[in-house]
Amino acid sequence: MAKTITILGSTGSIGVQALEVARLRGFDVLALTAHSNTRIIKEQILEFKPKYVAMSDPAAALELKAAISGSGTEVLCGTEGICECAAQKADTVLNGIVGMAGLEPTLSAIEAGNEVALANKETLVAAGALVMKRAAEKKVKILPVDSEHSAIFQVLEGCNSYKEIKRLILTASGGPFFGKTKEELRNVTLEQALNHPNWSMGAKITVDSATMINKGLELIEAVWLFNVRPEQVDILVHRQSIVHSMVEYVDNSVLAQLGVPDMRLPIQYALTYPERTECPAPELDLSLGEALTFVKPDEDTFRGIALCREAISKGGLYPAIANSANEAANLLFREKKIGFLQIAEFVEKALGKIPSKQSYNLEDVLETDRVTRRFVSELTR
């Protein structure tokens with residue numbers, strides 16, 4: 001399959017695996033972006049020879065420009081440069097940027113009419129109404145890359161109408177602290193939080209998995225992607241990470257997508273959709289006899305899930321507040337400035353204090369992000 005792709009966040013976990021898929025499938029890489037990791041992106045430029053590269057960090061952009069002088073690759077800088085890369089005409093733009101930084105590039109890709117393979121959940125959490133409306137107007141497909149949403153997307157391929165959906169069931173690994181009480185979590189360390197049992201991910205997402213707020217954010221994302229109500233999305237802890245998610249239809253049939261916990265599978269499906277091709281992910285061998293278990297999450301201990309459900313139920317800018325507060329608190333925890341349980345506490349405080357509005361534009365979202373981050377930072381003083 002001949003295809004031209006752009007990868008935003010190419011030095012991160014999703015980006016690196018997306019380039020592995022691109023290598024295997026022989027895709028042309030038009031543009032790559034990163035924050036500041038010039039070492040990895042230089043290697044990627046040498047191999048894939050993109051026409052454009054953007055670094056969000058200005059110093060890294062200058063360093064890279066000097067390092068690849070004469071290569072034929074144009075080096076751009078800052079958010080504007082990343083958005084410019086996203087707007088270059090490609091078959092698919094894969095957004096693997098972590099956090100709110102991915103929102104504006106997603107919108108730039110949509111405005112250019114580019115199909116979007118979305119691994120940046122914050123895009124829909126913070127501005128779902130805005131993004132989905134513009135994608136519909138521009139007739140742009142948004143293909144999910146998260147393993148849970150990819151699973152639902154694949155199951156729904158046989159769905160005649162979304163009216164047939166009774167509920168979506170997102171599965172969660174439970175992270176490293178499954179079964180722990182609040183008291184046991186009070187003094188957990190960053191190193192313990194980063195020790196995920198099943199998945200290899202970046203630090204921010206791994207901490208989100210440990211707090212389980214990632215599952216609340218995925219609930220919000222699912223509401224927008226699949227046009228369902230918040231009460232139609234349930235969550236089950238599935239420690240084995242084999243069943244990636246399920247759909248229950250109105251006739252009470254439940255269909256699931258299964259596979260080994262390997263992100264190359266959902267990445268490749270988004271990049272090759274609607275075709276399926278051989279994948280570097282290993283085969284799933286159910287004959288090994290591993291038991292598959294499912295239990296409800298402890299939402300009292302892992303408060304992030306309930307807070308996100310509350311935010312999307314209220315609507316408007318509340319999901320943006322929850323997302324920005326979590327990003328800010330997650331960073332404070334990674335900087336060892338607050339405790340693990342304070343992440344959810346700070347999100348709850350932000351939801352109770354930051355003003356929201358039901359209808360919003362991009363500037364409203366960005367201003368809410370700024371106000372919320374400032375509010376969370378002031379909680380540590």
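Just so you know, these numbers come straight off a predicted model, no measurement behind them.
Under a cut-off of 6.0 angstrom, the local environment of CD in E335 is crowded, with over 12 non-hydrogen atoms contributed by other residues, nucleotides or ligands. The environment of K353 atom NZ is sparse: at most 12 non-hydrogen atoms of other residues, nucleotides or ligands sit within 6.0 angstrom.
With no hydrogens or angles considered, no side-chain donor-acceptor pair links N195 and E191 at under 3.5 Å. For the residue pair N361 / E363, no side-chain donor-acceptor distance below 3.5 Å is found, with atom types taken as modelled.
Atom NZ of K182 sits about 6.5 Å away from atom OG1 of T301, to the nearest 0.5 Å. Once rounded to the nearest 0.5 Å, the distance linking OG of S147 with CD of Q154 reads 10.5 Å.
Both tests pass for K314 against the ring of Y318: distance under 6.0 Å to the centre and angle within 45° of the axis. Cation-pi geometry between R276 and Y269 is satisfied (NZ or CZ under 6.0 Å from the ring centre, within 45° of the ring normal).
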Give the table of side-chain donor-acceptor pairs shorter than 3.5 Å for residues 28-35, with sequence neighbours excluded, one pair per line with atom names and distance.
unit_1: T33; atom_1: OG1; unit_2: G9; atom_2: N; d: 3.0
unit_1: H35; atom_1: ND1; unit_2: S56; atom_2: OG; d: 2.6

Distance-only check: which donor-acceptor pairs under 3.5 Å involve side-chain atoms of residues 91-106, not counting sequence neighbours?
unit_1: D91; atom_1: OD2; unit_2: T4; atom_2: N; d: 2.8
unit_1: T92; atom_1: OG1; unit_2: K3; atom_2: NZ; d: 3.3
unit_1: T92; atom_1: OG1; unit_2: E115; atom_2: OE2; d: 2.8
unit_1: N95; atom_1: OD1; unit_2: I97; atom_2: N; d: 3.0
unit_1: N95; atom_1: ND2; unit_2: G102; atom_2: O; d: 3.0
unit_1: N95; atom_1: ND2; unit_2: T106; atom_2: OG1; d: 2.7
unit_1: T106; atom_1: OG1; unit_2: G102; atom_2: O; d: 2.9
unit_1: T106; atom_1: OG1; unit_2: T123; atom_2: OG1; d: 3.1

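Ring-centre distance between F375 and F346: not below the 6.0 Å cut-off.
A perpendicular orientation is assigned to the rings of F333 and F340, their planes being inclined by more than 60° (bins at 30° and 60°). Taking the six-membered ring where tryptophan is involved, the planes of F226 and H149 are essentially parallel, since the angle between them stays under 30° and well short of 60°.
With sequence neighbours excluded, the residues that form a salt bridge (charged side-chain N to carboxylate O under 4.0 Å, His left out) with E367 are R370.
Between I169 and the options L236, I235, I152, a side-chain contact (heavy atoms from CB on, under 4.5 Å) holds for only L236.
The shortest distance between side-chain heavy atoms of Q268 and R25 falls below 4.5 Å. Side-chain atoms of L76 and V53, non-hydrogen and from C-beta on, never get closer than 4.5 Å to each other. Using a 4.5 Å cut-off on side-chain heavy atoms (C-beta onward), T211 and F302 make no contact. Under the 4.5 Å side-chain criterion, counting only non-hydrogen atoms from C-beta, V116 is not in contact with L143. E290 is listed as a side-chain neighbour of Q240, based on a closest heavy-atom distance under 4.5 Å. Using a 4.5 Å cut-off on side-chain heavy atoms (C-beta onward), I110 and N114 make no contact.
Under the 4.5 Å side-chain heavy-atom criterion for ILVMFWY residues, no single connected hydrophobic cluster contains both L170 and V243.
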